[in-house]
Every structure is written in C-alpha cells, then in structure tokens.
Amino acid sequence: MRYSELFLPTGREVPSDAELVSHQLMIRAGMMRKLTSGIYSYLPLGYRVIRKVEQIVREEMNRAGAQEVFLPMVQPAELWQESGRWIHYGKELLRLRDRHDREYCLGPTHEEVITDLVRNEIKTYRQLPRNLYQIQTKFRDEIRPRFGVMRCREFGMKDAYSFDPDEAGAEVSYRKMFDAYNRIFTRCGLNFRPVEADSGSIGGSYSHEFMVMADSGEDAICFCNACQYAANLEKAELAKPEAELPAGSALLLEEVHTPGVQTIEEVCGYLHVRPEEVVKTLIFAADGEPVAVLIRGDREVNEVKVRNYLGCDALELASDDMIFKVTRSPRGFAGAIGIKARIIADYSLIGASAVVMGANREDYHLSHVNPGRDFKVENYADLCVIRRSDPCPRCGGKISFARGIEVGHVFKLGTKYSKAMKALYLDRNGREQTMVMGCYGIGIGRTVAAAIEQNHDADGIVWPLPLAPYPVIITPVNVNEKPLLETAEKIYLSLVEKGVDVLLDDRDERAGVKFKDADLIGIPFRVTIGPKKLSEGKVEIRYRRSGEVKTLTVSEVEAFLMERISEKCEV
RNA sequence: CGGGGCGUAGCGCAGUCCGGUAGCGCACCUGCUUUGGGAGCAGGAUGUCGCAGGUUCAAAUCCUGCCGCCCCGACCA
C-alpha cells in the first residue's frame, strides 16, 4: 500500500475525551473514529488489525473443530421470552419494534438463536457433538460506555456454542476451547492469564476468563505464587477456617448506649475494641426479600458470592424502609438478635464469641454477643472478599493481586438454555435427552485495545508482529530525490511480490514527519532509505520495539525481512 | 439514575463573570526557502458559537427548556 493513497488520518494531539492509552492511540493512529456514545467506525488501519485478530481466532477455532456460521443480529422477542431472558436481561438488551409492532431485540449474545437453530436441526446423538461459532457485531446498551473500544455498546465478538450429549462430552468441549483460547492469545503476542470466574447472568456452572494483564484493566484478579490457582476477585474463594470451638465467653449480653455511633470504625473508637471483635450486619434485598449477612468487622462482603449462595437474580443493599421493617431501627444499628430476616454468616465468624453487634435499637449496640447462644445462623458460607493476607484457597501459598482486561470468557452452560428451549435429542436407546451446552466468547476489539495497553511507548503503538496492520514500512527520507524513491519502490515491489503487507511512505513529507507517523502507528520494521547510506548501496532497518538499527545492502533487505516475518519472532 | 464538568473552525483551546461586528495554536490552501525525528517566512480559506425559545437597540456572553459528550458512583457475558 502506498501511504499517499491510504486513508489514514493521524493526529499529534491527544483527544481530550480519551482516558486510556489504547483509546488515545487508536484515535491518534487513525484506527477509528467515534460516531456516537459507545459506537465507533473503523478506518483502514484499525480494521486491518481487527482482521488480523479475527483471522487468528478463525484458524484456532477451526483447528479446535468448531465451524463458522453467521447468525442474525435482529432477534425476535419470542426466543428471549422462551429462555426467560426477555425479562431477566434488563436494560442492556436494546428492544425495538417493527412496522407490525412486533417486538425484537439487537443480539447482545446468541444463545437463544443458536439453541433454536440446533434444536430444529439436530435430533440424534449421531449428530453430536457440535461446536458452532461466529464473528458478529453485538449490541449491548451499556449504562456507561467508556474507555473507547474497551467498554462500548456496539462491538465485534467471536462467540462459539458447543452442544454435547452429556456432561462428560461438555467437559471435553470446554477443555478444547480453553486450549484454543490459550493458543489464540499466545499467538496474538499477549501477556495473559486464564482465571476462574463467576458465570454471571449468562448462567451456567463453571467458567474461566482470559485476562490480559494491564494496570488499566477493569477487573481485579488474584493468583497464587505457589500453585496454578488464579481467579477473578469476585470469584476468589477463601478456605473454610478450621472450626474452633467457641471460646464460649461466659460474659452476659450487655446493651451499651452508643449515640450516633454507626460505622465499624466509630464503634471501635467508642467502645475501644478492634474491628475483628465487631460483627458487621448488612441487610440485603434479595429479589425483594430481606436477608441479613453477618461478617467480621474488618472484612468486606462479596456480593457476587452472596448472590450465588442465595441463588437470587437481583441483590442490592436494603433501603432504609426495609432496614426499619426488619430491625425496627434506623440504618447503622442492625444486628442479628431479633432481626426479622434470614441470617447467613461468613466463615470469618466461625468460632466468634463475645463480639460487638448492633442492637436493632437506635443508638445501642450489644457486647459479649455469642453466636449460637444469643441467636441462630442459618448457615456459614464463604461470602467474603479475598485480601492480601489470605492464604491461597488451594495450597495455602501466598497470593498476589493484579489487574486485567477480560478478552475472553469460556462457560460451561449445562442445560440452562437447552432445557428452557427444549434442545433435545434421542440417545442410543431412543430416549429423549437434553443437550449439554457451553459458550465461549472473545472480544475482538477489546483484544486489539488490550494489545495496545500492553504494547506502547511514548511515541505510540508497538504492535506485536502477528497483529501489525503492516509488518513493514519503507521510508524514503525524501521522495524528491530520485534514487531514494526508486530504491524504495524496488524494495516495495519485491516484498509485495512475496505477499508481504508493506506500506510505502511515498508522501512528500519531511523525514521527521514520516518517522513520527511510522512510530505512532506501530509498524514493527522500518526500512529507512537515506542519501548517505544509499550512496554506499545500503539502507537501514529499524526495529520499532527496541529502536535498534541494522544497516544492510539493498540486495539483503528482502531475505532479511522475509526471515524475520516468517519466524514471527518478537521484535 | 445520582454527583461533577464540558459543548466556540478539522483537532486542542481562549473569549462567557462584566452583552457591543468571534480569536489563538496546530492542521488545511498558495508561493519561496528548507529537507534523517512532527520546518521557516509571507499570504489565504475555514464558524447556523450544541439546538429551540425568551430578555435586549444589540446575545457566544443573561434567562428557560431540550440535546449531546466526558469524568466519578451505582450497574455490567
């Protein structure tokens, strides 16, 4: 491609509305432009990178035995009513009506459509297993689109769905996808890590997220330094503590006057106790029903764990109204004794005794509370947010924390959709069985952005070779000097001949401008053709990542570059 | 949806408090000089000042309503 003909508007200035480096650079490097909130147009350079990622994804999905399909983006409401998600999915689902007033939605994901397709066409175990995937534009009406392509409303996604006759088959399919994902992100040249994850509203029993490591990532993850355990923070388990016998403090329950003292901090200060000696009582509305969650004063409740424990759809902190209804006191004085709600407690309270707790009476707390003696807990469970001082739940080793960008997610769905939508088949014995499903997503645009977050410097993007829109740019420093341009053309044509995507910077610009642009758009190899070296029959090759420069004769260039590019070596 | 901020040339911004013919830098066009890390000089073009009402002799500026965008929070395969 000749740069002079390329639609590539680069910019020197950092766009004021872009916060993340990847967002800034994608705009500055002329990869994309915003149309409206959370919706972007991709320009030639950006689209090229997207296609590189897509191609890697395709190759590895095909290799793993999946088959590419293409499903509708506009989907009828009936399908979503059948799965239950028409109600359950909420406002992220963009709904619309056609001229006949029939209801539709824009697909945020395609479980319903694929399940419908498969149930109509697959009738026997002989046709299983199957894994179908597509690369499609999805639409999710995000409350707050931000971070450029990282969290937008319209976005490109690869989604795959596996159908197996039984749980064991589904396990195999899941494993294949897990391995394929490892290959995909490795081939993209990314530093990533699969972590155990919560399966969220998509449902299902088991899932992993693929996280690209980046401080700017939206997700917090933790991992063990000793073993392989790694998990999203919202999923990370805490080991159940050894059940100590309650010290069984003989001290009697005592009501103490604590005017205006509400937070754990205030309670500790006022009563001269440590947070570990206080019980925090949080009241949640779980699908509208009050539930009291007890946890040690120094710990935080993990709402995802609470939601999963209760098996509820909606979970939020209770309103003042509800708090008053169950405790007959205002917010800040809730406790377990006499509360009109289910009571569950975190493992951190196992063995607790003689603790401080709200009295369910305004301006009063109770001290010397003994769980078991003074109130009953429905159950103890792991409801806590993990923290640095906690041991690895698997091996007891030391854990570390990091941030990551979720670029892929694999789920074992089980029969959630196949049951609801009757995706059935006849087994060997002629018996009707429910298919077992899995679903597997990769955010294409997000992968591109994550690659930039991980690969950039002060001058711009530094593409990993496999994702580079062009692996090579040829830069004659002055196109008005015939020999420079002619040599550039010669090298350009020889590489084009070999099938290399080369960019020839044939613009009548000063060398500095060309260098800055080449760095900004992150091309891995730059062939610089200048008068001094050329008079000796030589040109320079510069590595974008290291800045290292090699001087070669013109005749050596082609072979040198072909070798680097085909090796896919890191530069 | 709650809190905060912004909307003026393609981009980044000043001007708004205190009403009086709309400015700066970059980019763009022309010419000359320059030519290995975003050139210099000279000249030039570019605006429904987010939209709609209102006040006023006069509105980018004051008032009302609306729209859009960004940040924080809540929310989120």
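Per chain, numbering begins at 1; letters A, B, ... match sequence-line order.
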Gap between atoms CG and C1', on A:Leu520 and B:rG38 respectively (whole Å): 10 Å

Does A:Arg12 put a side-chain nitrogen or oxygen below 4.0 Å from OP1 or OP2 of B:rG38? no

Judged by nearest nucleotide, the residue sitting upstream toward the 5' end of RNA chain B, A:Phe147 or A:Pro108, is A:Phe147

Distance check, C1' atoms only: B:rC62 and B:rC18, in whole angstrom units. 11 Å

Classify the nucleic acid contact of A:Arg28 as base, sugar-phosphate or nothing, counting any heavy atom under 4.0 Å across all strands shown. base

Rounded to whole Å, how long is the line connecting atom CG of A:Leu315 with atom C1' of B:rC76? 15 Å

Indicate, with a heavy-atom threshold strictly under 4.0 Å, whether A:Glu540 touches base, sugar-phosphate, or nothing. base

Both conditions, 6.0 Å and 45 degrees, for the charged tip of A:Arg526 above the ring of A:Phe515: are they met here? yes

What's the CG-P distance between A:Asp517 and B:rC26, to the nearest Å? 18 Å

In terms of side-chain heavy atoms of A:Glu92, which of B:rC76, B:rC70, B:rC71 is nearest? B:rC76

Which is true for A:Gly530 with a 4.0 Å heavy-atom rule: it touches a base, it touches only sugar-phosphate, or it touches nothing? base

Can you tell me the pairing partner of B:rA22 across any strand shown, Watson-Crick or G-U wobble, with both distances under 3.5 angstrom? none

Searching all strands shown, indicate the nucleotide that pairs with B:rU56 (Watson-Crick or G-U wobble; both distances under 3.5 Å). none

With no hydrogens and no angle check, do the side chains of A:Ser4 and A:Asp506 hold a donor and an acceptor under 3.5 Å apart? yes

Using whole Å, what does the distance between atom C1' of nucleotide B:rC75 and atom CG of A:Leu93 come to? 16 Å

Proximity to the side chain of A:Arg146 - top-ranked nucleotide from B:rA39, B:rC69, B:rC75: B:rC75

Nearest-Å distance once atom P is located in both B:rG20 and B:rG15: 14 Å

Within the structure, does a side-chain N or O atom of A:Ser16 lie under 4.0 Å from either OP1 or OP2 of B:rG12? yes

On a whole-Å scale, what distance lies between the P atoms belonging to B:rC11 and B:rC28? 15 Å

Qualifying residue, where the test is salt bridge (Lys or Arg N to Asp or Glu O under 4.0 Å) with A:Glu300 and the options are A:Arg387, A:Lys305, A:Lys280: A:Lys280

Partner of B:rC66 under the Watson-Crick or G-U wobble criteria, both distances under 3.5 Å, comes out as B:rG50

When A:Arg544 is tested against each of A:Asn455, A:Asp457, A:Asp459 for side chain to side chain donor-acceptor pair (under 3.5 Å), which residue passes? A:Asp457

Choosing from B:rC1, B:rG37, B:rG38, which nucleotide comes nearest the side chain of A:Ile143? B:rC1

Short side-chain donor-acceptor distance under 3.5 Å, A:Tyr89 and A:Arg95: no

Is there a donor-acceptor contact under 3.5 Å linking the side chains of A:Glu111 and A:Thr109? yes

Quick one: label A:Arg446 by what it contacts on the DNA or RNA (base, sugar-phosphate, nothing), any heavy atom closer than 4.0 Å. nothing

Nearest-Å distance for atom pair CD/P, residues A:Glu234 and B:rA74: 13 Å

How is A:Arg153 classified with respect to the nucleic acid when contacts are heavy atoms under 4.0 Å: base, sugar-phosphate, or nothing? nothing

Whether the side chain of A:Arg542 and the base of B:rG37 hold a donor-acceptor pair under 3.5 Å is what I'd like checked. yes

Watson-Crick or G-U wobble partner for B:rA74, using a 3.5 Å limit on both distances? none

Please report whether the ring centroid of A:Tyr543 lies less than 6.0 Å from that of A:Phe525. yes

Donor-acceptor pair present, A:Arg144 side chain and B:rC75 base, under 3.5 Å: no

With a non-hydrogen cut-off below 4.0 angstrom, is A:Phe155 in contact with a base, only sugar-phosphate, or nothing? base

I'd like the C1' distance from B:rG25 over to B:rC63, given in whole Å. 34 Å

pair_partner(B:rC17), Watson-Crick or wobble, both distances < 3.5 Å, evaluates to none

Would you classify A:Lys34 as touching base, sugar-phosphate or nothing, given that sugar-phosphate means primed atoms plus P, OP1 and OP2, and contacts are heavy atoms under 4.0 Å? sugar-phosphate

Could you give the distance separating B:rC51 and B:rA9 at their P atoms, to the nearest angstrom? 11 Å

Round to a whole Å and report the spacing from CD of A:Glu218 to C1' of B:rC71. 14 Å

Determine the contact category for A:Pro531: base if any of its heavy atoms lies under 4.0 Å from a base atom, sugar-phosphate if only primed atoms, P, OP1 or OP2 are that close, otherwise nothing. base

Gap in Å between the two C1' atoms, one belonging to B:rC6 and one to B:rG43, rounded: 36 Å

From the list B:rG36, B:rG37, B:rG38, which nucleotide is the closest neighbour of the side chain of A:Arg526? B:rG37

If you look at every strand shown and take non-hydrogen atoms under 4.0 Å, does A:Thr36 touch a base, only sugar-phosphate, or nothing? sugar-phosphate

Should B:rG37 form a Watson-Crick or G-U wobble pair with both distances under 3.5 Å, which nucleotide is its partner? none

Apply salt bridge (charged side-chain N to carboxylate O under 4.0 Å, His left out) to A:Arg130 and A:Asp164, showing your working. CA-CA 7 Å; A:Arg130 285 290 180 268; A:Asp164 279 276; over 6 Å; no

Euclidean distance for C1', B:rG40 against B:rA58 (whole angstrom): 43 Å

Both distances below 3.5 Å, Watson-Crick or wobble geometry, any strand: find the nucleotide opposite B:rA27. none

Is it the case that the base of B:rG25 and the side chain of A:Glu13 share a donor-acceptor contact (distance under 3.5 Å, atom types as modelled)? yes

Whole angstrom is fine here: how far is it from CG in A:Asp17 over to P in B:rC6? 16 Å

Near-ring test A:Phe210/A:His208, centroid separation under 6.0 angstrom: no

Quickly work out the A:Glu19 CD to B:rC6 C1' distance and round it to whole Å. 15 Å

Whole-Å C1' distance, B:rG4 and B:rA39: 42 Å

